[in-house]
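Single-structure report; data block below.
Just so it is clear, the values below take in all heavy atoms, side chains as well, and ignore hydrogens, waters and symmetry mates. In this text the structure is predicted, and so the values were computed from the model without any measurement. Sequence lines set the chain letters: A, B, ... in the order given, protein chains first and strands last, and positions in each chain run from 1.
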Amino acid sequence: KPKYYCLSMFPYPSGRLHMGHVRNYTIGDVLSRFHKMKGYNVMQPMGWDAFGLPAENAAIKNNTAPAKWTYENIEHMKTQLKQLGLGVDWAREIATCTPEYYKWEQWLFTELFKKGLIYKKTATVNWDPVDGTVLANEQVIDGRGWRSGALVEKRDIPQYFMKITAYAEELLNDLDKLDGWPEQVKTMQRNWIGKSYGCEVEFPIVGQNGNLKVYTTRPDTLMGATYVAVAAEHALATLAAQSNPELADFIAECKRGSVAEADVATAEKKGMATGLFVTHPLSGEQLPVWVANYVLMAYGEGAVMAVPAHDERDSEFAFQKSLRSIKVIKPATETNLEEQLADLENSPQDPELIEKSPLIDSLRRDLDATRAQHCTTEKGTLINSGKYDGFNFQEAFDVIAADLEAKGLGQKRTQYRLRDWGISRQRYWGCPIPIIHCAKCGEVPVPANQLPVVLPEDVVMDGVGSPIKKDPSFYETTCPSCGGKATRETDTLDTFFESSWYFARYASFDSNNAMVDKRANYWLPVDQYVGGIEHAILHLLYARFFNKLMRDVGLIKNDEPFTNLLTQGMVLKDGSKMSKSKGNTVDPQALIDQYGADTARLFMMFAAPPDQSLEWADSGVEGASRFLKRLWKAAYEHVSLGEIKAYASSNPGRGELTSELKNLRLQLHQTIEKVGDDYGRRHSFNTAISSVMELMNALAKIEATDVTTRSVRQEVLQNVALLLSPIVPHICQALYMELCPASHILHASWPEANKDAMVQDTIEYVIQVNGKLRGNLTISREASKEAIEKMTLEQVYVTKFLLEGTSVRKIIVVPNKLVNVVIA
RNA sequence: GCCGGGAUGGCGGAAUUGGUAGACGCACGGGACUCAAAAUCCCGCGUUGGCAACAACGUGGGGGUUCGAUUCCCCCUCCCGGCACCA
C-alpha cells in the first residue's frame with residue numbers, strides 16, 4: 001500500500017477558528033479522504049504552532065499567563081476542528097510550546113552551534129525608547145511604537161544567526177526538483193534567494209588609506225558612475241560624521257523609523273554629502289561620497305556606485321541633488337530602431353513615398369522617445385566609456401572585471417540576496433535559547449543531558465520586557481564546562497524555528513530519545529502540503545532549510561520536505577485579509593451551528609478554486625444547503641421504492657436502455673472521470689462539485705420508476721455518494737448506508753468510470769463563419785474531414801454569408817470540436 | 001520601492017493544450033402549490049436594437065500575433081499577498 005502524508009499548515013492557537021482554517025483543513029481533509037478511497041495509507045496529523053507574540057499581548061490584556069491562554073485556546077479550537085469532521089489522527093497531536101517538543105529543537109540548536117552553523121553577531125532591531133523594548137515590525141505603526149506612541153529607533157544588539165546562506169545554492173538548485181510546487185512559489189523563492197553575478201569594485205579613498213568596496217551587477221556601467229553612496233550605518237559614514245555634526249545629525253535621523261524593508265524602500269530619498277571623495281578605479285576621476293537612506297546596509301557591502309543614467313534609484317537621487325549623470329549604454333532597443341530606420345531610408349523605393357509612410361513616422365517617434373530617456377536599465381552597447389566603447393554587456397563585464405583585477409581594485413563575485421536568519425527574540429513566550437554565558441568559557445551550549453531548558457509558565461506579564469529576563473531562578477546557573485557561576489541566555493527563538501521541523505516530528509511524535517526516529521523515513525517527504533500563500537517564502541524556505549539540516553545531521557534521508565504544495569488563497573472580507581488586528585473576521589462557528597459541518601465544507605469548497613483568494617459573502621451558503629437537501633430527498637424517494645441493484649450491462653432481465661438513460665449513464669461516467677481528475681490532479685473542488693450538481697439536475701428530469709430506470713438511478717446515486725464523500729462525509733455516509741445496506745462507505749473504494757458507457761456515436765460540431773458561431777451540427781464520429789466540410793457548406797447559416805464576390809478561402813476542421821469557414 | 005499573483009453578468013465563479021464566453025450556484029423577476037406565508041417545484045435572467053427570427057457589441061484599458069484570443073506577446077491602470085521580529 002503506498003503511503004500518502006497529507007499535511008495542512010498547523011494553526012496558531014489564536015482563540016477560535018477562522019475561515020482560513022476552515023478552508024485550509026477542509027482542503028487537506030478532502031485530499032486525505034480521496035486518497036484513502038484510492039487505496040493509499042494516509043496520514044493526516046494536526047498540531048499547534050503555539051509560541052508567539054499574540055499570547056503575550058492577550059496575557060497582558062487579560063491578566064493571565066501566556067501558557068494558560070494558549071492551552072485554553074488549544075482546547076477550544078480542537079473541539080471546533082473535531083466539529084468539522086476532519087479525519088485527523090489526533091494521537092499524533094503536538095504543541096510546540098511543550099518541553100517534549102522544544103527540547104529537540106534546543107538539542108538541534110546545540111548541534112548546529114557546535115558545527116558553526118549558528119553564530120552570534122549584531123543586528124538592527126526596532127527600539128521603543130519609552131517602553132525600553134524591542135518591537136516587532138508589526139508593532140511599529142507609522143514609525144511609532146504601538147503602545148507608547150514613541151518614535152521608534154533602530155538599535156544594534158547581539159543576536160544569534162543561522163547560516164542559511166551556506167545552503168543558498170542547494171536551496172536554489174533543488175527548486176528545480178519540485179515539480180509538484182506552483183511555479184509562482186518557486187519563482188518567489190528564486191528571487192528571494194536572489195543569486196546574482198556581479199563584480200566587486202574598490203574605490204580608493206582620497207587622502208586616506210583604504211578603499212571603499214561596493215558590489216554591482218552592472219560593471220558595464222562603471223564608466224557612468226558619478227558618485228558613490230553609503231548606508232547611514234556604514235563605517236565611512238561614521239568616520240565622516242566624527243568631524244561633521246550636521247552629518248551626524250543626518251545619520252541619527254536615518255536611524256529613526258522601523259527596520260522593515262518596505263518602510264525603508266518607500267521612504268522619501270534623503271542624503272547628504274560626506275565631504276569625502278574616492279577615486280574612480282578606472283578613470284582616476286574623483287567622485288563624491290554621499291550618505292543615502294536608500295542604500296541598505298544588509299545587502300552587498302552597504303555601499304553602491306551610483307550610475308544615474310542606468311539605475312532608477314540613483315537617477316531619482318541624482319536629480320534631486322543635482323548630481324551629474326553620464327549616459328554610457330546605448331540600449332539595444334535604440335540600436336534596433338536605428339537599424340530599422342536606416343533600412344527604410346536606404347531602400348530603393350521612391351524617397352518621397354518613404355517620407356510619407358506612417359511606419360517611418362512611428363519609428364522616428366519611438367527613437368526620439370528612447371533617446372530622450374534620462375534613465376534606462378536596459379542592456380546594450382557601451383558608449384562614452386573610452387576604450388570600452390562598442391562592447392556589449394558580457395564583453396564589457398569580462399574586460400572591466402579583468403582590468404579591475406589587474407589593478408587589485410575588484411573582481412567578479414557571485415552574490416546572494418538571501419541573508420543569514422536572525423533567530424534571537426527578546427521575548428518571553430518562545431523556546432529558550434540553550435546557551436549559557438560564562439565569564440571564563442564564553443558561550444557554552446547546554447549539554448544534551450541538561451535539556452530541555454524549561455520555560456517557566458507561571459509568570460506575570462507586566463507589559464515591559466520578558467519575565468525570564470528578570471527572574472534569577474531562571475537565568476542564574478552554573479557553567480557546564482567549568483562549574484563556575486554563569487547566566488543563561490534569556491532570548492528565545494524565532495517561532496519560525498518550531499514550524500520549520502514539525503512535519504518530521506508527526507512521524508515520530510512520541511519519541512523520547514530522538515528528535516525524529518526511523519519512522520520519519522517511511523512517512524517523509526510529505527506528499528501533499530496545504531497552506532496559505534502568505535507562507536510562500538519565509539516558512540517554506542525555512543522548512544526546506546531545516547529539512548536539509550536534519551538530513552545533514554543524519555536524522556532523515558530526503559532532500560526536500562514537501563513533494564506537492566497547494567497554496568490556498570486568502571479568505572478576504574471587505575477586500576483585505578481576514579485578521580484579528582483588522583477586526584474583519586467572520587466566525588465560522590455560526591456557520592457550523594446553523595448549517596452543520598457538511599454544508600460549511602461544501603460551501604467553502606464550492607465558493608472559489610483553492611489557490612485563489614475568496615471574498616467572503618454570507619449569501620451562497622443557502623445554495624449549498626439546498627443542494628444537500630435535494631440530494632437527500634432524491635435518495636430517500638428512490639430508496640423508499642425498495643432495494644435494487646445498480647445497473648450493469650450484464651444484469652439479466654434489464655431492458656434495452658432508452659437514449660435518455662444512455663445519456664444519463666454517459667454523463668454519470670464522464671462525471672466520475674472528471675471528479676477524480678478534479679480532486680487528484682487539478683485540485684479544482686469547485687468544478688467537481690458543479691459537475692455533480694449538473695448530474696443531479698439531469699437525474700431529477702427523469703421521472704420513470706420502471707426497474708431499468710430505477711437501476712440506473714441506483715447507479716447514479718450510489719456513485720454520487722462516493723464522489724461527494726470526501727467533501728461532505730457525514731451525509732454521504734448516511735446516504736450510502738440507505739442505498740447499499742450491505743456495505744459501508746468507509747470501506748468503499750473510489751469508483752472507476754465505465755468506458756463502454758462513455759462511447760458516443762455522434763459528435764456535436766460547432767460551426768463558425770470567420771470565427772463567429774453560426775450553428776451546430778451533429779456528425780457521425782467516423783465522418784471524414786471531406787464529409788464534414790461538405791455537410792458544413794450545405795448549411796443555410798453558412799451559405800447565406802456566401803454573397804456575390806466572396807468565396808470560401810479556407811475551411812478549418814478541429815476534430816471532434818469545430819469547423820471554421822473562412823469567407824472573404 | 002522591489003518580488004509574486006489577480007481583474008470575466010447585479011454577485012461568487014466556469015471555459016483543463018489557442019476553438020461555442022457566462023457551466024454551476026447566489027441574487028433578482030414571473031408563474032404553480034397555499035386561506036396566507038415559508039419551504040418546494042417550473043420558467044426567465046450579459047448589454048443594446050427588435051413582437052420575433054435575428055443582428056451588433058461584450059472577459060480591467062490600449063496595441064499586436066492568429067482562420068479564431070478570457071487564454072499567447074508588448075504597454076498601462078487598479079486590487080491582493082510577501083518584503084526577513086505577525087503567524
Nearest of [options] to any side-chain atom of [X]?
X: A:Arg626; options: B:C86, B:A84, B:U40; result: B:U40
X: A:Arg630; options: B:C83, B:C41, B:G19; result: B:C41
X: A:Leu773; options: B:U20, B:U16, B:C26; result: B:U20

Gap in Å between the two [atom1] atoms, one belonging to [N] and one to [M], rounded:
N: B:A27; M: B:C75; atom1: C1'; result: 38 Å
N: B:A39; M: B:U34; atom1: C1'; result: 11 Å
N: B:G58; M: B:G22; atom1: P; result: 16 Å

Ring centroid separation for [X] and [Y], is it under 6.0 angstrom?
X: A:Tyr101; Y: A:Trp501; result: yes
X: A:Tyr102; Y: A:Phe51; result: yes
X: A:Trp616; Y: A:Phe603; result: yes
X: A:Tyr502; Y: A:Phe10; result: yes

Which whole-number value in Å describes the distance from [X] [atom1] to [N] [atom2]?
X: A:Phe801; N: B:C67; atom1: CZ; atom2: C1'; answer: 15 Å
X: A:Arg774; N: B:U20; atom1: CZ; atom2: C1'; answer: 12 Å
X: A:Glu138; N: B:C86; atom1: CD; atom2: P; answer: 6 Å
X: A:Trp421; N: B:A84; atom1: CH2; atom2: P; answer: 15 Å
X: A:Met188; N: B:G6; atom1: CE; atom2: C1'; answer: 12 Å
X: A:Glu534; N: B:C83; atom1: CD; atom2: P; answer: 10 Å
X: A:Met605; N: B:G13; atom1: CE; atom2: C1'; answer: 14 Å
X: A:Arg427; N: B:A87; atom1: CZ; atom2: C1'; answer: 12 Å

Polar side chain donor-acceptor pair, [X] to [Y], under 3.5 angstrom:
X: A:Tyr294; Y: A:Glu316; answer: no
X: A:Asp131; Y: A:Ser148; answer: no
X: A:Thr124; Y: A:Asp156; answer: yes
X: A:Ser499; Y: A:Asp49; answer: no

Legend entry - Residue mapping more 5' on RNA chain B - nearest nucleotide basis, A:Glu694 or A:Asn191: A:Asn191

Legend entry - Residue closer to the 5' end of RNA chain B, A:Lys800 versus A:Asp678 (nearest nucleotide): A:Asp678

Is [X] touching bases, backbone alone, or none of the nucleic acid, heavy atoms closer than 4.0 Å?
X: A:Lys629; result: nothing
X: A:Phe606; result: base
X: A:Glu183; result: nothing
X: A:Ala607; result: sugar-phosphate
X: A:Val621; result: nothing
X: A:His539; result: nothing
X: A:Glu622; result: nothing
X: A:Pro609; result: sugar-phosphate
X: A:Val822; result: sugar-phosphate
X: A:Ala260; result: sugar-phosphate
X: A:Phe496; result: base
X: A:Gly422; result: sugar-phosphate

Base-pairing mate for [N] - Watson-Crick or G-U, with both contacts under 3.5 Å:
N: B:C41; value: B:G31
N: B:G1; value: B:C83
N: B:C11; value: B:G25
N: B:C78; value: B:G6
N: B:U17; value: none
N: B:C57; value: B:G46
N: B:U70; value: none

Spell out yes or no: do the side chain of [X] and the base of [N] have one donor N/O and one acceptor N/O closer than 3.5 Å?
X: A:Arg681; N: B:U16; answer: yes
X: A:Asn820; N: B:C67; answer: yes
X: A:Glu312; N: B:C2; answer: no
X: A:Lys674; N: B:U16; answer: yes
X: A:Gln139; N: B:C86; answer: no

Inset, instruction - Report yes if the side chains of A:Glu764 and A:Lys817 come closer than 4.5 Å at any heavy-atom pair, otherwise no. - result: no

Output yes when at least one side-chain N/O atom of [X] is less than 4.0 Å from OP1 or OP2 of [N], else no.
X: A:Arg425; N: B:C85; answer: yes
X: A:Lys817; N: B:G19; answer: no
X: A:Asn686; N: B:A14; answer: yes
X: A:Asn770; N: B:G68; answer: no
X: A:Lys772; N: B:C57; answer: yes

Inset, instruction - Mind telling me if B:G9 is syn or anti? Syn here is a glycosidic angle within 90° of 0. - result: syn

